[in-house]
Amino acid sequence: MKYFVIAGEASGDMHGANLIKQLRQKDASAVVVGWGGDQLAAQQVNVLKHIQELAFMGFAEVLQNIFTILRNFKICKKQIKTFDPDVLLLIDYPGFNLRMAEWAKKNNYKVAYYISPTVWAWKENRIEKIKKYVDRMICILPFEKAFYQKWAYEADYVGHPTVELVAEALLTENTLPYQNVIALLPGSRKQEIDKMLPIMLQAAAPYDKHTIIIAQAPNLSVDVYTPYLNDSKVILLQHQTYSILKIAAIAIVTSGTATLETALFGVPQLVCYIANPISYAIAKKLVKVKYISLVNLILDKSAVVELIQSDVTIENIQKEMDLLLNNTHRKSALEADYVQLRAKLQQGNASEKAAGIVYQLAFQKDAI
């Protein structure tokens, strides 16, 4: 069978790669092309456009790049028509992928969507499009299936694929020689690095008994980080985020999948986020969730501290760092929350289950 995949960000590239790996176990003759990154390419996916060209985040940033985005739609549609896949597999990246789902369905392609858009957070009216244009919605957060059921749509919940990745990493031997590590995870987009990394480094600098390690996003070059590497004691490591988290005492994390990964490794964390002021002002009016981190969203409580916008100060970061490093009660409470989090997310092999749904759809005669 032929599959066209669209992953527009680093996390989608990672989870997509693991899905394709499992898909090839079920469909040995699978031909896969599409948009993604190095991890999808490593699974013999013919990557026609790389995620480095695609990650536009925030309302203001999208407007600034609107002509590039519109051009990408035209390019992608043409590539799909040329390839003529049995299934279009969309992974996260909702601003682009929901529009592609509508076009694809109208052009008689089967559509599978892996990692649901956050319709439960804002723009619920997108559910009507999902019901019309997505054959199988594959969810990775435990509350999403029930949310879709309220709208008379039967989504699939497979568990979170990060659980298996972390469990596998925990079984491997630690190869990093560092101790007392403060891990900095400033995001996977250049604009996040530019906003978050300088203040993270300033906050961590006085902790001279600790080793400061930055987890370099796999989709970004060293050049993105170089302007901020003025302290020789700061270490930058690429493709070793999980190895870093295995030995970290605490972590300062930009909101995203990294908050969940940090929790699954049992690392006490502080979540910090600074958005474009215009994007943040718009989001504040539209978004209906109480938290920005996946940990707090899934647990529906303030398990990890979140600092947002003007609250992201050196003083506030250091105050929480001191508590995470020295307050036994704080660490014990967070550890108990992390145990509850794992229990909610563990449903077996999420990537294998998702691959089975995509494979089933490829052979389903009446999906159109």
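Being a predicted model, the structure only gives us computed values, none of them experimental. Each residue takes its place number in the sequence, starting with 1.
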Side chain to side chain donor-acceptor pair (under 3.5 Å) partners for Tyr207, two or more places apart:
Asp322

Arg24 (side chain) donor-acceptor with Ala30 (main chain) under 3.5 angstrom
yes

Without swapping roles, check the side chain of Lys145 against the backbone of Ala155 for a donor-acceptor pair under 3.5 Å.
yes

Answer with yes or no whether the hydrophobic clustering places Met1 together with Val32; edges join I, L, V, M, F, W, Y residues whose side-chain heavy atoms lie under 4.5 Å apart.
yes

Between the main-chain N or O of Leu220 and the side-chain N or O of Gln216, is there a donor-acceptor pair closer than 3.5 Å?
yes

Excluding sequence neighbours, so at least two apart, what forms side chain to side chain donor-acceptor pair (under 3.5 Å) with Thr172?
Lys246

side-chain contact (heavy atoms from CB on, under 4.5 Å) partners for Thr241, two or more places apart
Leu185, Ala215, Leu245

Would you say the side-chain atoms of Lys81 pair up with the backbone N or O of Asn107, donor to acceptor, closer than 3.5 Å?
no

Is a side-chain N or O of Asn296 found less than 3.5 angstrom from the main chain of Val304, in a donor-acceptor match?
yes

On a heavy-atom basis, which atom in Ala183 and which in Ile244 lie closest, and how many Å separate them?
CB-CG2, 3.7 Å

Does Glu335 CD have over 12 foreign heavy atoms under 6.0 Å away?
no

Are any non-hydrogen side-chain atoms of Tyr228 and Leu201 less than 4.5 angstrom apart?
yes

Return the minimal non-hydrogen interatomic distance between Val166 and Leu264, and the atom names on each side.
CG1-O, 3.7 Å

Could you state whether Ile182 and Leu324 fall into the same hydrophobic cluster, counting links through intermediate Ile, Leu, Val, Met, Phe, Trp or Tyr residues with side-chain heavy atoms under 4.5 angstrom apart?
yes

Passes side-chain contact (heavy atoms from CB on, under 4.5 Å), Leu294 versus Leu141? Steps please.
CA-CA 9 Å; Leu294 283 173; Leu141 297 177; 4.1 Å; yes

Within a strict 4.5 Å, meaning less than it, do heavy atoms of the Tyr133 and Val111 side chains meet?
no

Could you tell me whether a side-chain N or O of Lys105 sits under 3.5 Å from a main-chain N or O of Lys132, the two making a donor and an acceptor?
no

Identify the heavy atoms of Ala112 and Val358 that sit nearest to each other, and give their distance.
CB-CG2, 4.2 Å

Using the rule given for side-chain hydrogen bond (donor to acceptor under 3.5 Å, both in side chains), can you reason through Thr82 versus Asp84, listing the C-alpha separation, both sets of side-chain angles and the distance that settles it, and then say yes or no?
CA-CA 6 Å; Thr82 300; Asp84 193 26; over 6 Å; no

To check you understand the geometry: which heavy-atom pair defines the closest contact between Val45 and Gly34, and what is its length?
CG1-N, 4.2 Å

Within one Ile-Leu-Val-Met-Phe-Trp-Tyr cluster: Leu325 and Ile247, side-chain cutoff 4.5 Å:
no

Closest approach of Gly187 and Tyr225, non-hydrogen atoms and distance?
O-OH, 4.3 Å

Do Thr257 and Glu9 come within less than 4.5 Å of each other through their side chains, counting heavy atoms only?
no

Could you tell me the separation between the CG atom of Asp92 and the CD1 atom of Ile6, rounded to the nearest 0.5 Å?
12.5 Å

Does Asp135 reach the main-chain N or O of Lys110 with its side chain, forming a donor-acceptor pair under 3.5 Å?
no

Can Leu323 be reached from Val181 by stepping across I, L, V, M, F, W or Y side chains whose heavy atoms are under 4.5 Å apart?
no

Could you check whether Asp13 and Ser11, counting side-chain N and O atoms only, form a donor-acceptor pair closer than 3.5 Å?
no

Considering residues at least two apart in sequence or located in another chain, which fulfil the side chain to side chain donor-acceptor pair (under 3.5 Å) criterion with Tyr359?
none

May I ask you to test the Asn72-Lys49 pair for a side-chain heavy-atom distance under 4.5 Å?
yes

Leu307 pairs by side-chain contact (heavy atoms from CB on, under 4.5 Å) with which of Val312, Ile199, Ile252?
Val312

Taking atom types as modelled, is there a side-chain donor on Tyr291 or Asp300 under 3.5 Å from an acceptor on the other?
no

Going by atom types only, do Glu144 and Tyr157 share a side-chain donor-acceptor pair under 3.5 Å?
no

So CD1 of Ile317 and CG of Asp311: to nearest 0.5 Å the spacing works out to 10.5 Å

Quick check on the hydrophobic clustering: are Met200 and Ile235 connected, directly or via other members, by side-chain heavy-atom contacts under 4.5 Å?
no

Hey, does Leu165 have a side-chain heavy atom less than 4.5 Å from the side chain of Met14?
yes

Between Trp35 and Phe96, is a ring pair (Phe, Tyr, Trp, His ring centres under 6.0 Å) present by the stated rule, with each step listed?
CA-CA 12 Å; Trp35 293 18; Phe96 190 90; 5.4 Å; yes

Do Ile292 and Thr259 touch side chain to side chain, with heavy atoms closer than 4.5 Å?
no

Side-chain donor-acceptor pairs of residues 336-346 under 3.5 Å, sequence neighbours excluded:
residue	atom	partner	partner atom	Å
Asp337	OD1	Lys301	NZ	2.9
Tyr338	OH	Val267	O	2.9
Tyr338	OH	Gln269	NE2	3.2

Listed partners of Lys209 passing side-chain contact (heavy atoms from CB on, under 4.5 Å), at least two apart:
none

Heavy-atom pair of closest approach, residues Leu90 and Ala101:
CD1-CB, 3.6 Å

Asp156 bridged to Arg136 by N-O distance under 4.0 Å
yes

To the nearest 0.5 Å, how far apart are CD1 in Ile127 and CE in Met137?
9.5 Å

Nearest 0.5 Å, please: how far is CG in Leu88 from CH2 in Trp103?
8.0 Å

Is there a donor-acceptor pair under 3.5 Å between the side chain of Gln22 and the backbone N or O of Ala354?
no

Would you say that Tyr273 contacts Lys195 through its side chain, given a criterion of any heavy-atom pair below 4.5 Å between the two side chains?
no

Checking side-chain contact (heavy atoms from CB on, under 4.5 Å) for the pair Tyr114/Val5: CA distance, chi angles, key distance, verdict?
CA-CA 10 Å; Tyr114 184 43; Val5 57; over 6 Å; no

Going from CD on Gln240 to CG on Leu237, what distance comes out if it is rounded to the nearest 0.5 angstrom?
5.0 Å

Exceeds 12 heavy-atom contacts within 6.0 angstrom, atom NZ of Lys21
no

Test item: Glu192 side-chain N/O and Ser188 main-chain N/O as donor-acceptor pair under 3.5 Å
yes

Point-to-point distance, once rounded to the nearest 0.5 Å, from CZ of Phe143 to CG of Leu297
5.5 Å

When you check the gap from the basic side-chain N to the acidic O, do Lys290 and Glu306 get nearer than 4.0 Å?
no

Can you tell me if Gln44 uses its side chain to pair, donor with acceptor, with the backbone of Ala42 under 3.5 Å?
yes

So do the side chains of Asp86 and Phe363 get within less than 4.5 Å of each other, counting heavy atoms only?
no

